[in-house]
Protein chains: 2
Amino acid sequence: MGNSRVTVREIARLAGVSVATVSRVSNGTGQVSPEMRRRVLEAIEKHGYRPDHLGRALAARRHGALGLVFPGLSGPYFTELIQGFESEAVPSQASVHILCTHLREDSDAQVLEMGRRVDGVAVIGGTISDTALSRLAEMVPVVVVAGEAPGGVPSIRVENTASMAALTRHLLVDHGLRDLVFVGNPEGSPDVTQRWTGFLDAHRSLGLRPPAAPVAVGLQQADGVLAAERLLRAGRGVRRPEGVVCANDETALGVLVGALGRGLRVPQDVVITGFDDAPMAALVTPGLTTVRQPVRDLAAEAARIVLTAVDRPGAPAPGDLVLPTEPVLRRSCGCPPPLTTGGTGK
Amino acid sequence: MGNSRVTVREIARLAGVSVATVSRVSNGTGQVSPEMRRRVLEAIEKHGYRPDHLGRALAARRHGALGLVFPGLSGPYFTELIQGFESEAVPSQASVHILCTHLREDSDAQVLEMGRRVDGVAVIGGTISDTALSRLAEMVPVVVVAGEAPGGVPSIRVENTASMAALTRHLLVDHGLRDLVFVGNPEGSPDVTQRWTGFLDAHRSLGLRPPAAPVAVGLQQADGVLAAERLLRAGRGVRRPEGVVCANDETALGVLVGALGRGLRVPQDVVITGFDDAPMAALVTPGLTTVRQPVRDLAAEAARIVLTAVDRPGAPAPGDLVLPTEPVLRRSCGCPPPLTTGGTGK
DNA sequence: TTGAAAGCGATACCAG
DNA sequence: CTGGTATCGCTTTCAA
């Protein structure tokens, strides 16, 4: 009961009305007499008619879809991002197209192709070239998430530098640590670049010499394990750092696993910090000191920006939004355990 | 230099040819004289014409898009799944729509709505109701991934029961362990159901009594930490299990972190195993004993099945595919460390 | 209030 | 080879 191949014309014929009337009824637009409406609804019901998305989209010249471009999604961060984005898109009847440019050569072309299939796009910072980004922005509304956007393109990100500097200062001043290392590749993502900058800033403002270079690894847990292997191997001339400041929670957890697996005690033998405040951060033993960032809100707001731009092509660009972040001190930096389990703040 | 608002008619007029010829040139179909072709290409180039996706889709009555439905993506498993799916879809010019039904009430309706926007859908098992699945299958080709499909709908999954039984037997027989527990919720996903069955089978075939119930938690790392808290708390009358068999690697890693964080030694104090052979499994210390499953292939094959069905509507359903899996014995079950780091296999 | 008809942008059949 | 034209399914003037 309800072949999906039924068209407006079909319904119009069966109800003995014009296609215009069927369209009006099925969209609730315009005025239709009760009698006509009844006849149409009956036919619609009986044949399970649902207006074809393509026909409608072509007439409206609107896809009813939003795009989301990733470098190569992995881990809780991207999961949150997708869900936050969806939480705004779905209620607006917009489906979500995703594209992982991960390691592909033709990613610029693919993103442009996506631009022809959606009404607007959110691009994660550091994913495609600025030229591609600008060209994309010429075809549809675009917002850059967690990164800098070329002129005219709005962006949204979280505060990285100051909070990472604060966290680093906490380690240097409150815990009196020296020999900190930074785990993460500043080349890879704008977020990491800014966090590395914050790490350096903290050192400099205290007149301390920061390490010359970061431990440039990726952002996955496995990368953290690799970093731990490099940093924490027993003895061997190389001095073990007092603290490992990681670009995100995932790598921090990887380092933590690596440390614990080697029999090291955290924070007594080595201090470890992350960035994100992922669910795991509060659960591991010891709890992970980190910086809380509102990933879900970030993505939801990105979706809102794009949707608004789609609805009102004339509106002024929203510029660059920066969402606040907040250090969360737990046991892994040497702070005393909180009175209740879990995080410090509510 | 190329406004995207140019249409076939525009190009036709500018090149002094008919729209049919423009279409032929831009699609490479039919025969066109070199002279015409040159004129058309020139106009196309000059105005940066690219055929509109909606117009084309409507004419072809084909969206050029595939859908992927998740329960609520999280962790490396879903990451792999998406990338595997994309790896097949993208070369076929199909964009990927995703939908996370996670915790939403109207997920059935949303999946049906998706069915109207794509040419075919892959649904992760246990995500939507069987009725919704059947109705979806009436509108577009569908394949169920990692789950059972109602009659007529093809499915693809990995072998779970036998490999989990083999792994469990290994613990019971080769390592002489008793008091094993299973971490994972069989209600939540078909994969877990089958793994729990395998766990039970191994006990029964050896005449041993398995635990009455699993530790029913989710599939994320955080759930593993919670399970560890419940299972490994010090002393307290409750006897600590000798081995913790987890439904996937993520929870196993969570349990591992929980165990190490409590100062327990693995495998000496407690044995831990997973399922997936995620990248982390080979990297942690001790290496995680697990079962390797080809997640990427699973998703790629799912995409292939859908694409084939889309291209050849008449073709017979491919039935139910089961991809092989393979136990990977590492240190966490008590096996001796391998000669080289990493897994046992190649 | 209702219907006829003109698009939306592209494809493909059928003559010429 | 090439062009005119119907068609895909729906929305939306514009008259009646």
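Chain A is the first sequence line, chain B the second, and so forth, proteins listed ahead of strands; every chain is numbered from 1.
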### Message
What does the 5'-to-3' dot-bracket notation of DNA chain D look like when only Watson-Crick and G-U wobble pairs under 3.5 Å count, and pairs to other strands show as |?
### Response
||||||||||||||||
### Task
Would you check if there is a donor-acceptor pair between the side chains of S95(A) and R117(B) at a distance under 3.5 Å?
yes
### Query
Do the side chain of R24(B) and the base of dG3(D) come within less than 3.5 angstrom through a donor-acceptor pair of N or O atoms?
yes
### Message
Within the structure provided, determine whether V145(B) and S155(B) are in side-chain contact (heavy-atom separation under 4.5 Å).
### Response
no
#### Entry: 5′-ward residue of the pair L54(B)/G16(A) relative to DNA chain C
G16(A)
## Note on the structure
Value for CZ (R296(B)) from CD (E86(B)), rounded to nearest 0.5 Å, stands at 9.5 Å
### Task
Determine: side-chain N/O of S18(B) to OP1/OP2 of dG3(D), distance under 4.0 Å, yes or no.
yes
### Query
Do the side chain of D130(B) and the main chain of P150(B) share a donor and acceptor less than 3.5 angstrom apart?
no
### Query
Is it the case that Q31(A) and R24(A) place a side-chain donor and acceptor less than 3.5 Å from each other?
no
### Task
Give the C-alpha distance, both sets of side-chain angles, the deciding distance and a yes or no for side-chain hydrogen bond (donor to acceptor under 3.5 Å, both in side chains) between Q293(B) and E80(B).
CA-CA 11 Å; Q293(B) 68 160 319; E80(B) 280 285 296; over 6 Å; no
### Message
Is there a side-chain contact between T21(B) and the phosphate of dG3(D), meaning an N or O under 4.0 Å from OP1 or OP2?
### Response
yes
### Message
Would you say that Q110(A) contacts L99(A) through its side chain, given a criterion of any heavy-atom pair below 4.5 Å between the two side chains?
### Response
yes
### Message
Tell me whether H47(A) contacts the main-chain N or O of T7(A) through its side chain, where contact means a donor paired with an acceptor under 3.5 Å.
### Response
no
### Message
Both G55(B) and V19(B) contact DNA chain D. Taking the nearest nucleotide for each, which residue is further toward the 5' end?
### Response
V19(B)
### Message
Under 4.0 Å from OP1 or OP2 of dT11(C): is there any side-chain N or O of S23(B) that close?
### Response
yes
### Message
If you count every heavy atom of other residues, nucleotides or ligands that lies below 6.0 Å from E35(B) atom CD, does the total exceed 12?
### Response
yes
### Task
Grab the CZ-P distance between R9(B) and dA6(C) for me, whole Å please.
13 Å
### Task
Give, ordered by number, those residues of residues 28-44 of chain B having at least one heavy-atom distance below 4.0 Å to an atom of DNA chain D; if nothing qualifies, reply none.
Q31(B), V32(B), S33(B), M36(B)
### Task
Ignoring backbone atoms, test whether N27(A) places a side-chain nitrogen or oxygen under 4.0 Å from the OP1 or OP2 oxygen of dC10(D).
no
### For DNA chain C, the residues among residues 56-63 of chain A that have a non-hydrogen atom under 4.0 Å from it
L58(A), A59(A), R61(A)
### Task
Select base, sugar-phosphate, or nothing to describe what V17(B) touches, counting heavy atoms under 4.0 Å on all strands.
sugar-phosphate
### Query
For G16(A), does its backbone N or O pair with a side-chain atom of R39(A) as donor and acceptor, under 3.5 Å?
yes
### Message
Just the rounded figure in Å: distance from C1' of dG9(D) to CZ of R13(A).
### Response
16 Å
### Spacing of I11(A) atom CD1 relative to dC10(D) atom P, expressed in whole Å
9 Å
### Message
Donor-acceptor pair, distance only, cut-off 3.5 Å: does the side chain of S92(A) make one with the backbone of A94(A)?
### Response
no
### Query
Tell me: CZ of R50(B) to C1' of dA10(C), nearest whole Å?
14 Å
### Message
Are more than 12 heavy atoms, taken from residues, nucleotides or ligands other than R135(A), located less than 6.0 Å from that residue's CZ atom?
### Response
no
